[in-house]
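Reading through the C-alpha coordinates given below for one structure.
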Amino acid sequence: MSAGAKQYKAIGDDIWKRTDKVNAELFTLTYGALVVQLIKDYEDYGEVNKQLEKMGYNIGTRLIEDFLARTGLQRCSSFAETAEVISKVAFKTFLAITPSVSFPPPSIPNSSLPQPSEFILTFDENPLAEFAELPRDAREGGLWFSNVLCGVIRGSLEMISMQVEARFLSDVLRGDDTTELYVRLIRVLDEEQPENDE
(Lines give C-alpha, C1' and ligand atoms only; values in the text may rest on other atoms or scores of the structure.)
Protein backbone atom coordinates (compact mmCIF):
# COMPACT_ATOMS: atom_id res chain seq x y z
CA MET A 1 0.00 0.00 0.00
CA SER A 2 1.46 3.38 -0.99
CA ALA A 3 2.11 6.14 1.55
CA GLY A 4 -0.86 8.11 0.19
CA ALA A 5 -3.15 5.09 0.44
CA LYS A 6 -2.03 4.50 4.06
CA GLN A 7 -2.67 8.16 4.88
CA TYR A 8 -6.18 7.97 3.40
CA LYS A 9 -6.90 4.71 5.23
CA ALA A 10 -5.91 6.40 8.51
CA ILE A 11 -8.17 9.40 7.71
CA GLY A 12 -11.07 7.06 6.90
CA ASP A 13 -10.56 5.07 10.11
CA ASP A 14 -10.38 8.26 12.19
CA ILE A 15 -13.57 9.73 10.69
CA TRP A 16 -15.40 6.41 11.12
CA LYS A 17 -14.55 6.43 14.84
CA ARG A 18 -15.99 9.95 15.27
CA THR A 19 -19.15 9.40 13.17
CA ASP A 20 -22.57 8.82 14.68
CA LYS A 21 -23.62 5.30 13.72
CA VAL A 22 -26.89 4.07 12.26
CA ASN A 23 -28.06 0.52 12.91
CA ALA A 24 -26.58 -1.40 9.97
CA GLU A 25 -29.38 -3.98 9.87
CA LEU A 26 -32.04 -1.28 9.77
CA PHE A 27 -30.18 0.53 6.99
CA THR A 28 -29.74 -2.66 4.96
CA LEU A 29 -33.33 -3.79 5.37
CA THR A 30 -34.66 -0.33 4.51
CA TYR A 31 -32.57 -0.26 1.33
CA GLY A 32 -33.82 -3.75 0.41
CA ALA A 33 -37.42 -2.63 0.92
CA LEU A 34 -36.78 0.35 -1.34
CA VAL A 35 -35.48 -1.90 -4.12
CA VAL A 36 -38.47 -4.26 -3.72
CA GLN A 37 -40.87 -1.32 -3.97
CA LEU A 38 -39.14 -0.04 -7.12
CA ILE A 39 -39.46 -3.49 -8.68
CA LYS A 40 -43.19 -3.50 -7.90
CA ASP A 41 -43.65 0.05 -9.21
CA TYR A 42 -41.71 -0.29 -12.47
CA GLU A 43 -41.93 -4.04 -13.24
CA ASP A 44 -38.80 -3.60 -15.39
CA TYR A 45 -35.31 -4.26 -14.02
CA GLY A 46 -33.68 -1.87 -16.48
CA GLU A 47 -35.91 0.94 -15.23
CA VAL A 48 -35.22 -0.04 -11.60
CA ASN A 49 -31.47 0.24 -12.34
CA LYS A 50 -32.06 3.74 -13.79
CA GLN A 51 -34.11 4.82 -10.77
CA LEU A 52 -31.51 3.52 -8.29
CA GLU A 53 -28.75 5.31 -10.19
CA LYS A 54 -30.82 8.52 -10.30
CA MET A 55 -31.48 8.32 -6.53
CA GLY A 56 -27.79 7.72 -5.93
CA TYR A 57 -26.85 10.68 -8.12
CA ASN A 58 -29.12 12.96 -6.08
CA ILE A 59 -27.64 11.61 -2.85
CA GLY A 60 -24.10 12.05 -4.17
CA THR A 61 -24.61 15.70 -5.13
CA ARG A 62 -25.48 16.41 -1.49
CA LEU A 63 -23.20 13.92 0.25
CA ILE A 64 -20.04 15.45 -1.20
CA GLU A 65 -20.51 18.61 0.86
CA ASP A 66 -20.81 16.60 4.07
CA PHE A 67 -17.81 14.50 3.08
CA LEU A 68 -15.60 17.52 2.38
CA ALA A 69 -16.70 19.21 5.61
CA ARG A 70 -15.94 16.10 7.70
CA THR A 71 -12.59 15.33 6.12
CA GLY A 72 -11.18 18.75 5.29
CA LEU A 73 -9.50 17.15 2.27
CA GLN A 74 -8.31 19.35 -0.56
CA ARG A 75 -8.70 18.69 -4.30
CA CYS A 76 -7.01 15.48 -5.40
CA SER A 77 -4.01 15.90 -7.70
CA SER A 78 -4.90 12.92 -9.91
CA PHE A 79 -7.73 10.55 -10.74
CA ALA A 80 -5.70 7.76 -9.10
CA GLU A 81 -5.67 9.78 -5.87
CA THR A 82 -9.43 10.33 -6.26
CA ALA A 83 -9.88 6.54 -6.47
CA GLU A 84 -7.90 6.05 -3.25
CA VAL A 85 -9.93 8.72 -1.42
CA ILE A 86 -13.22 7.16 -2.57
CA SER A 87 -12.09 3.70 -1.46
CA LYS A 88 -10.26 4.45 1.78
CA VAL A 89 -12.08 7.52 3.09
CA ALA A 90 -15.55 7.89 1.51
CA PHE A 91 -16.66 4.25 1.68
CA LYS A 92 -15.15 3.89 5.16
CA THR A 93 -16.89 7.08 6.34
CA PHE A 94 -20.36 6.24 5.08
CA LEU A 95 -20.54 2.43 4.84
CA ALA A 96 -17.70 1.19 7.09
CA ILE A 97 -16.07 -0.75 4.25
CA THR A 98 -12.87 -0.30 2.26
CA PRO A 99 -13.08 -1.74 -1.25
CA SER A 100 -9.78 -2.42 -2.96
CA VAL A 101 -8.75 -0.28 -5.94
CA SER A 102 -7.20 -1.50 -9.17
CA PHE A 103 -6.33 0.31 -12.36
CA PRO A 104 -7.07 -1.57 -15.59
CA PRO A 105 -5.21 -0.84 -18.82
CA PRO A 106 -6.74 2.21 -20.54
CA SER A 107 -9.88 1.31 -22.50
CA ILE A 108 -9.36 4.34 -24.74
CA PRO A 109 -5.71 4.37 -25.85
CA ASN A 110 -4.03 7.73 -26.48
CA SER A 111 -6.76 9.54 -24.57
CA SER A 112 -6.16 13.21 -23.85
CA LEU A 113 -7.23 12.54 -20.26
CA PRO A 114 -4.59 12.14 -17.56
CA GLN A 115 -3.79 8.49 -16.86
CA PRO A 116 -5.05 6.49 -15.17
CA SER A 117 -8.52 7.65 -16.14
CA GLU A 118 -10.38 4.60 -14.88
CA PHE A 119 -10.41 2.33 -11.87
CA ILE A 120 -12.24 -0.67 -10.45
CA LEU A 121 -13.45 -0.96 -6.87
CA THR A 122 -13.63 -4.56 -5.67
CA PHE A 123 -15.88 -5.17 -2.67
CA ASP A 124 -15.12 -7.93 -0.18
CA GLU A 125 -18.39 -7.02 1.50
CA ASN A 126 -21.37 -4.92 0.50
CA PRO A 127 -23.58 -3.77 3.36
CA LEU A 128 -26.40 -2.92 0.95
CA ALA A 129 -26.64 -6.57 -0.07
CA GLU A 130 -26.11 -8.09 3.38
CA PHE A 131 -29.49 -9.83 3.62
CA ALA A 132 -30.38 -9.79 -0.06
CA GLU A 133 -30.86 -12.69 -2.41
CA LEU A 134 -31.82 -12.04 -6.01
CA PRO A 135 -34.46 -14.25 -7.57
CA ARG A 136 -33.57 -15.86 -10.87
CA ASP A 137 -35.69 -13.48 -12.96
CA ALA A 138 -33.96 -10.46 -11.36
CA ARG A 139 -30.52 -11.90 -12.17
CA GLU A 140 -31.53 -12.74 -15.72
CA GLY A 141 -33.39 -9.43 -16.07
CA GLY A 142 -30.21 -7.48 -15.35
CA LEU A 143 -30.94 -6.01 -11.91
CA TRP A 144 -27.91 -4.39 -10.28
CA PHE A 145 -29.12 -4.40 -6.68
CA SER A 146 -26.59 -1.84 -5.41
CA ASN A 147 -26.80 0.48 -8.42
CA VAL A 148 -27.41 3.41 -6.07
CA LEU A 149 -23.64 3.37 -5.41
CA CYS A 150 -22.93 4.13 -9.07
CA GLY A 151 -25.15 7.18 -8.84
CA VAL A 152 -23.58 8.36 -5.57
CA ILE A 153 -20.11 8.23 -7.13
CA ARG A 154 -21.27 9.94 -10.33
CA GLY A 155 -23.16 12.68 -8.46
CA SER A 156 -20.43 13.43 -5.94
CA LEU A 157 -17.65 13.55 -8.53
CA GLU A 158 -19.71 15.76 -10.82
CA MET A 159 -20.00 18.28 -7.99
CA ILE A 160 -16.21 18.51 -7.88
CA SER A 161 -15.92 18.95 -11.66
CA MET A 162 -15.43 15.35 -12.83
CA GLN A 163 -17.89 13.77 -15.23
CA VAL A 164 -17.63 10.00 -14.87
CA GLU A 165 -19.28 6.81 -15.96
CA ALA A 166 -19.88 4.38 -13.09
CA ARG A 167 -21.29 0.88 -13.52
CA PHE A 168 -21.12 -2.55 -12.00
CA LEU A 169 -19.06 -5.17 -13.80
CA SER A 170 -20.01 -8.03 -11.50
CA ASP A 171 -21.98 -8.77 -8.35
CA VAL A 172 -21.94 -11.80 -6.05
CA LEU A 173 -25.73 -11.49 -5.82
CA ARG A 174 -25.83 -12.34 -9.53
CA GLY A 175 -23.65 -15.40 -9.06
CA ASP A 176 -20.32 -13.73 -9.87
CA ASP A 177 -17.19 -14.45 -7.83
CA THR A 178 -16.69 -10.79 -6.90
CA THR A 179 -18.56 -7.49 -6.76
CA GLU A 180 -16.77 -4.92 -8.92
CA LEU A 181 -17.71 -1.34 -9.68
CA TYR A 182 -16.02 0.35 -12.66
CA VAL A 183 -15.47 4.12 -12.78
CA ARG A 184 -14.18 5.97 -15.85
CA LEU A 185 -13.37 9.65 -16.13
CA ILE A 186 -15.15 11.09 -19.15
CA ARG A 187 -13.92 14.66 -18.80
CA VAL A 188 -12.93 17.29 -16.31
CA LEU A 189 -15.67 19.90 -16.24
CA ASP A 190 -14.89 23.59 -16.47
CA GLU A 191 -15.52 25.37 -13.23
CA GLU A 192 -18.13 27.96 -13.99
CA GLN A 193 -17.77 31.18 -12.10
CA PRO A 194 -21.04 32.89 -11.24
CA GLU A 195 -21.75 36.16 -13.03
CA ASN A 196 -20.47 39.25 -11.23
CA ASP A 197 -18.32 37.08 -8.98
CA GLU A 198 -15.03 38.74 -8.11
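Any value given below was found using the heavy atoms of this structure, including those in side chains, with hydrogens, waters and symmetry copies removed.
V183 has its side chain out of reach of T82: every pair of non-hydrogen atoms, C-beta onward, lies at least 4.5 Å apart. Between R174 and W144 there is a side-chain heavy-atom pair separated by less than 4.5 Å. The side-chain heavy atoms of F27 and E130, taken from C-beta on, include no pair separated by under 4.5 Å. Proximity of Q115 to F103: side-chain heavy atoms (C-beta onward) are nowhere separated by under 4.5 Å. Between F79 and M162 the shortest side-chain heavy-atom distance falls below 4.5 Å. In this structure, the side chains of Y31 and L52 come closer than 4.5 Å at one or more pairs of heavy atoms.
V148 and Y57 sit in two unconnected hydrophobic clusters of ILVMFWY residues. Membership requires side-chain heavy atoms under 4.5 Å apart, directly or through other members.
No donor-acceptor distance shorter than 3.5 angstrom exists from the side chain of T122 to the backbone of E180, with no hydrogens or angles considered. Between the side chain of T61 and the backbone N or O of G155, no donor-acceptor pair lies under 3.5 Å. Formation of a donor-acceptor pair under 3.5 Å by the S87 side chain with backbone atoms of A83 is not found in this model. Not a single donor-acceptor pair under 3.5 Å links the side chain of S117 to the backbone N or O of L185. A distance-only check finds a donor-acceptor pair linking the side chain of N147 to the backbone of N49 [under 3.5 Å]. Checked by atom type and distance alone, the side chain of S170 pairs as donor or acceptor with a backbone atom of T178 at under 3.5 Å.
Below 30°, between 30° and 60°, or above 60°: for F123 and F168 the angle between ring planes is between 30° and 60°, a tilted geometry.
Here the CZ atom belonging to F91 is positioned 6.5 Å from the CG atom belonging to L181, to the nearest 0.5 angstrom.
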Going through the checks in order, is the side chain to side chain donor-acceptor pair (under 3.5 Å) test met by S146 and N126? CA-CA 8 Å; S146 302; N126 178 356; 2.8 Å; yes

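With respect to the salt-bridge test (charged N to carboxylate O, under 4.0 angstrom), the residues D66 and R62 do not qualify.
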